[in-house]
Amino acid sequence: MITLALSKGRIFDETLPMLAAAGIEVTEDPEKSRKLILGTNQPDVRVVLVRPSDVPTYVQWGGADIGVTGLDTMIEHGNAGLYLPLDLKIAGCRMSVAARADFDYAHAVRQGSRLKIATKFVGIARDFFAIKGVHVDLIKLYGSMELAPLTGLADAIVDIVSTGNTLRANNLVEVEHIMEISARLVVNQAALKLKREPIRRIIDAFASAVATKP
Ligand code: AMP
């Protein structure tokens with residue numbers, strides 16, 4: 001049995017055509033059912049639905065053999081026991097620093113001020129500001145990061161930006177670009193050894209689907 005960990009929404013929707021390229025069709029619609037294990041047209045392949053940030057944990061501990069999740073999640077989790085063979089070039093977005101339009105971020109950085117940064121991505125933020133030599137207090141949040149600069153909780157946030165609509169709606173502006181993010185295929189290293197042939201087949205099919213993507 002090959003178990004593939006996905007999360008509902010964009011990752012699930014954009015992974016479906018890649019699965020199709022591997023001859024795998026998910027037989028249930030996750031939006032229409034509360035099931036967490038979905039069957040496929042292949043009796044030995046199943047999909048488990050987990051939160052994006054749990055995908056690396058499932059794959060690392062063998063609850064799933066393969067998964068798809070964002071590079072941001074992988075960096076925060078760390079790569080122990082995991083093999084990341086492929087950038088799937090889906091669910092593209094960027095990791096940025098954003099602040100209120102009336103906060104002079106560049107000036108604060110130049111002055112060497114200690115900045116309060118709210119984020120879910122504590123590891124990425126810590127490394128980014130350490131490399132820049134900027135002193136920061138990191139405030140861990142689990143969501144609605146945009147609220148932090150508006151309420152005085154933080155000077156700026158580190159968050160994912162796609163269209164920029166969420167920032168604009170909350171009068172925030174991007175002040176630094178940290179990295180481009182896209183979804184990665186993540187594979188359990190032990191499973192790759194034990195189930196080499198079927199897993200290789202899936203990786204190769206995904207790789208050709210990425211290569212031929214318009
Ligand atoms: P947007 O308003 O399009 O810039 O989207 C920003 C919000 O959507 C952020 O708060 C993110 O949490 C979320 N988001 C957008 N794209 C992604 C993605 N590829 N992966 C994870 N979260 C995303």
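We're numbering straight along the sequence, starting at 1. In each ligand, atom 1 is the first atom listed, and ligand 1 is the first ligand listed. Keep in mind that the numbers below use all heavy atoms, side chains included, and drop hydrogens, waters and symmetry copies.
Ligand 1 has Glu146 within reach: a non-hydrogen atom of the residue lies less than 4.0 Å from it. Ligand 1 does not have Met145 within reach: every non-hydrogen atom of the residue lies 4.0 Å or more from it.
Ranking the protein heavy atoms by distance from atom 1 (P) of ligand 1 puts Thr163 OG1, 3.3 Å first. Protein heavy atom closest to atom 7 (C) of ligand 1, with residue, atom name and distance, is Thr166 OG1, 3.9 Å. Of all protein heavy atoms, the one lying nearest to atom 18 (C) of ligand 1 is Cys93 SG, 3.5 Å. Ranking protein heavy atoms by distance to atom 15 (C) of ligand 1, first place goes to Ser162 CB, 3.6 Å. The nearest protein atom to atom 9 (C) of ligand 1, hydrogens excluded, is given as Ile160 O, 3.2 Å; this is a heavy-atom distance.
Two residues are said to be in side-chain contact when any heavy atoms from C-beta on lie closer than 4.5 Å; Phe103 and Val175 fail this criterion. Within the 4.5 Å cutoff, side-chain heavy atoms of Leu150 are placed close to those of Arg100. Ile178 has its side chain out of reach of Asp127: every pair of non-hydrogen atoms, C-beta onward, lies at least 4.5 Å apart. Residues Val158 and Val97 are in side-chain contact: their nearest non-hydrogen atoms beyond the backbone lie under 4.5 Å apart.
In this structure, Lys140 places its NZ atom where more than 12 heavy-atom neighbours from other residues, nucleotides or ligands lie under 6.0 Å away. Residue Phe12 places its CZ atom among more than 12 non-hydrogen atoms of other residues, nucleotides or ligands, all under 6.0 Å distant. More than 12 heavy atoms of other shown residues, nucleotides or ligands fall within 6.0 angstrom of atom CZ in Arg200. Within 6.0 Å of atom NE2 in His135, 12 or fewer heavy atoms from other residues, nucleotides or ligands are found, so the atom counts as exposed in its surroundings.
Taking only nitrogen or oxygen atoms, main chain and side chain alike, Gly164 reaches within less than 3.5 Å of ligand 1. Close N/O approach between Asp72 and ligand 1 is not found [any backbone or side-chain N/O within under 3.5 Å]. Checked against a 3.5 angstrom limit, the closest N/O atoms of Ala91 and ligand 1 fall inside it.
Considering Val161, Leu71, Asp159 only, the shortest heavy-atom separation from atom 12 (O) of ligand 1 involves Asp159.
For atom 5 (O) of ligand 1, a protein non-hydrogen atom is found at a distance below 4.0 Å.
Residues Val55 and Val186 come closest through the heavy atom pair CG1-CG1, 4.2 Å.
Ligand-side atoms of ligand 1 in range of Arg10: 16 (N), 19 (N), range being under 4.0 angstrom from any heavy atom.
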